[in-house]
Student: 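Before I ask anything, here is the structure I am working with.
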Amino acid sequence: MSTDHSKNPYRGYIYTLAQTGTEPGGKRAIMLTGTGSDATNLKALKGRAKRKLITQKMMLGLIDVLDQKNEMIVNGMSEKRKKSFWNTYHCQNKIYTANGKLYGRYCKNRFCTLCCSIRKAAIINSYLPFVQTWKEPYFVTLTVRSVPLYKLKAVIRSVLKGINNIIAKYKKRNQRGKGIKLMGVRSLECNFNARKKTYNPHFHLIVPNREIAKIIINEWLTTSNPGWNLPVAQKMSKIMDNQKALIEVVKYGSKIFTDPDLKKKEKSKGNESIYMAALNNILEAMKGIRIFERFGFNLSQDRNIQPPGALVVKDYKEWEYDINIYDWATTDGNRLTTFQPNAKLLELINEKVNTDLE
């Protein structure tokens, strides 16, 4: 598998791990590490079941795309990507509950909705206290013209270079005592327009004030990717809810539920599809790139919580995911969440997962 669970970069509440073991005398027990998650919160458990269902359907679609493309296996990369998708398909297949907590093994891949949800919560917990100290924060969107697939990877690297150059420029000015220090958090995102077959990489940022927002947009228009930036497409607005804005910034970096025509949403309502070939293209173009980053500040070191020690238990329940019932179940048929997807979601994941190549 692409993820080595023996090298677990655990940060407190982010990752958990379950391993089987045996107590003296031959009585079966299990070893649990990590803090676990609340096994009594039914709403959260149903959300987890929904994400698990979507993730498995997504991974089957991505694997189908790779099979169709019959990509050249260069240094085993195609096979390695497929193994990563299968690894995510099996993420949280088996979980354990003990002492009101839930434990399982995470794949930690960026295209896993289960792991992304946990990662998002961890980032919010780490960054929200700092962002809340900003008295008048602004939400900023920086974008460029949409491009066809063959330009996507180059454009993504170009916009990254552009934003990094802006930050570096003002960092040097500030160090010389000649300008304001730029500070904020930013995430890279990419949309897909199914009708035009184009991709739109863009940034979402949160910055402490209007002055910094205006500087970044002006620099973006005048020095970064000239000719590819339209002034009307760059946005800035005062934030009224810091937490909501931070959630928007750290959300997963690609849209998988896409309207066929983004400019005619009122007419295309209900025609959403999941474009797996496009998602695969976005994942490949963003490979090795940090989706979320801060700039101009550091977090306190004491936010890095050390993982708790292992806990050996014999009073537990073991659950295994069954896609036929959209839930985890014990061997005697008890269900964990009683989650039941609505008709719209079932239609989307069963009938509108588009794996056609472009």
Side-chain angles (χ1 to χ4, degrees), residues 2 58-59 61-75 77-78 80-82 84-85 88 109-113 116 140-167 186-205 220-221 223-235 248-263 268 272-293 353-358:
S2 63
M58 282 174 54
M59 293 308 105
L62 287 168
I63 291 167
D64 185 38
V65 167
L66 289 185
D67 288 340
Q68 286 187 70
K69 292 178 72 172
N70 193 23
E71 295 179 334
M72 293 176 60
I73 301 179
V74 180
N75 296 325
M77 289 306 296
S78 180
K80 185 177 180 180
R81 289 172 64 200
K82 187 181 292 187
S84 293
F85 293 152
T88 295
N109 287 325
R110 66 168 54 174
F111 39 81
C112 176
T113 61
C116 283
V140 178
T141 298
L142 304 176
T143 188
V144 294
R145 296 176 187 270
S146 296
V147 296
L149 175 59
Y150 76 91
K151 290 184 177 181
L152 179 59
K153 187 175 291 188
V155 169
I156 285 177
R157 277 143 184 81
S158 176
V159 298
L160 281 169
K161 182 179 180 181
I163 190 68
N164 289 336
N165 285 345
I166 293 170
I167 294 169
R186 61 90 169 160
S187 67
L188 175 64
E189 188 175 16
C190 186
N191 291 346
F192 173 64
N193 187 307
R195 185 175 64 85
K196 295 182 179 180
K197 306 297 184 185
T198 57
Y199 297 80
N200 176 236
H202 56 279
F203 290 110
H204 292 307
L205 303 91
W220 183 256
L221 289 171
T223 65
S224 176
N225 304 287
W228 283 88
N229 304 328
L230 297 176
V232 70
Q234 320 311 317
K235 306 291 183 181
E248 176 71 14
V249 168
V250 302
K251 70 183 180 182
Y252 185 52
S254 61
K255 303 286 192 183
I256 60 169
F257 299 96
T258 308
D259 286 332
D261 189 338
L262 299 180
K263 292 184 178 180
S268 62
E272 299 90 349
S273 295
I274 308 178
Y275 294 95
M276 302 313 303
L279 177 58
N280 182 63
N281 293 335
I282 292 170
L283 292 172
E284 181 62 22
M286 289 187 173
K287 186 176 180 180
I289 292 174
R290 292 179 63 90
I291 301 299
F292 176 88
E293 284 193 317
V353 176
N354 188 325
T355 60
D356 294 339
L357 302 183
E358 293 182 47

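We're numbering straight along the sequence, starting at 1.
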Student: Do you know which two heavy atoms are closest between W220 and G162, and how far apart they sit?
Tutor: CZ3-C, 4.4 Å
Student: Using distance alone, with no hydrogens and no angle criterion, decide if Y199 and N281 have a side-chain donor and acceptor under 3.5 Å apart.
Tutor: yes
Student: Given H204, which of R186, K235, E189 fulfils the side-chain hydrogen bond (donor to acceptor under 3.5 Å, both in side chains) condition?
Tutor: E189
Student: After noting the C-alpha distance and the side-chain angles of L160 and F203, does the key distance pass the side-chain contact (heavy atoms from CB on, under 4.5 Å) rule?
Tutor: CA-CA 9 Å; L160 281 169; F203 290 110; 3.9 Å; yes
Student: With a 4.5 Å heavy-atom cut-off, do H202 and N191 have their side chains touching?
Tutor: yes
Student: Between the side chains of N193 and T198, is a donor N or O closer than 3.5 angstrom to an acceptor N or O?
Tutor: no
Student: To the nearest 0.5 Å, what is the distance between CE on M58 and CD1 on I274?
Tutor: 7.5 Å
Student: Less than 4.5 Å apart, side chain to side chain, heavy atoms only: is that true for L230 and R145?
Tutor: yes
Student: Look at R290 together with E293 and state whether they make a salt bridge at an N to O cut-off of under 4.0 Å.
Tutor: yes
Student: Please check: side-chain N/O of N165 versus main-chain N/O of K161, any donor-acceptor pairing under 3.5 Å?
Tutor: yes
Student: When rounded to the nearest 0.5 angstrom, what distance separates CD1 in I63 from CZ in R81?
Tutor: 11.5 Å
Student: Tell me the closest heavy-atom pair linking T88 and C112, and the distance in Å.
Tutor: CG2-CB, 3.4 Å
Student: Can you find a heavy atom in the side chain of L283 that is under 4.5 Å from one in the side chain of L62?
Tutor: yes
Student: Say whether, by atom type as modelled, one donor and one acceptor occur between the side chain of Q68 and the main chain of T355 under 3.5 angstrom.
Tutor: yes
Student: Closest approach of P201 and T143, non-hydrogen atoms and distance?
Tutor: O-OG1, 3.8 Å
Student: Quick one: does L205's side chain get under 4.5 Å of V249's, heavy atoms only?
Tutor: no
Student: Rounded to the nearest 0.5 Å, how far does CG of N280 lie from CG of L357?
Tutor: 9.0 Å
Student: Begin from the C-alpha positions of F85 and L66 and carry the test side-chain contact (heavy atoms from CB on, under 4.5 Å) through to its verdict.
Tutor: CA-CA 10 Å; F85 293 152; L66 289 185; 3.5 Å; yes
Student: Rounded to the nearest 0.5 Å, what's the gap from CE on M59 to NZ on K82? Could you check?
Tutor: 14.0 Å
Student: Could you state the interatomic distance from CG (L142) to CG (L188), rounded to the nearest 0.5 Å?
Tutor: 11.0 Å
Student: Counting N and O atoms only, with roles assigned by atom type, does the side chain of R157 sit under 3.5 Å from a partner on the main chain of A285, one being a donor and the other an acceptor?
Tutor: yes
Student: Is a donor on one side and an acceptor on the other found under 3.5 Å between the side chain of S187 and the backbone of I291?
Tutor: no
Student: Contact between C116 and F111 at the side-chain level, heavy atoms closer than 4.5 Å - yes or no?
Tutor: no
Student: Roughly how far, to the nearest 0.5 Å, is the CG atom of L152 from the CG atom of N200?
Tutor: 10.0 Å
Student: I'd like to check M286 versus R110 (side-chain heavy atoms, cut-off strictly below 4.5 Å). Are they in contact?
Tutor: yes
Student: So which heavy atom on K197 is nearest to which on F192, and how close?
Tutor: CA-CE1, 3.9 Å
Student: Taking all non-hydrogen atoms of both residues into account, name the closest pair between V250 and F292 and its distance.
Tutor: CG1-CE1, 3.2 Å
Student: Indicate the atoms forming the closest heavy-atom contact of K151 with V147, along with that distance.
Tutor: CB-CB, 4.0 Å
Student: Any heavy-atom pair between the side chains of L221 and Q234 that's under 4.5 Å?
Tutor: yes
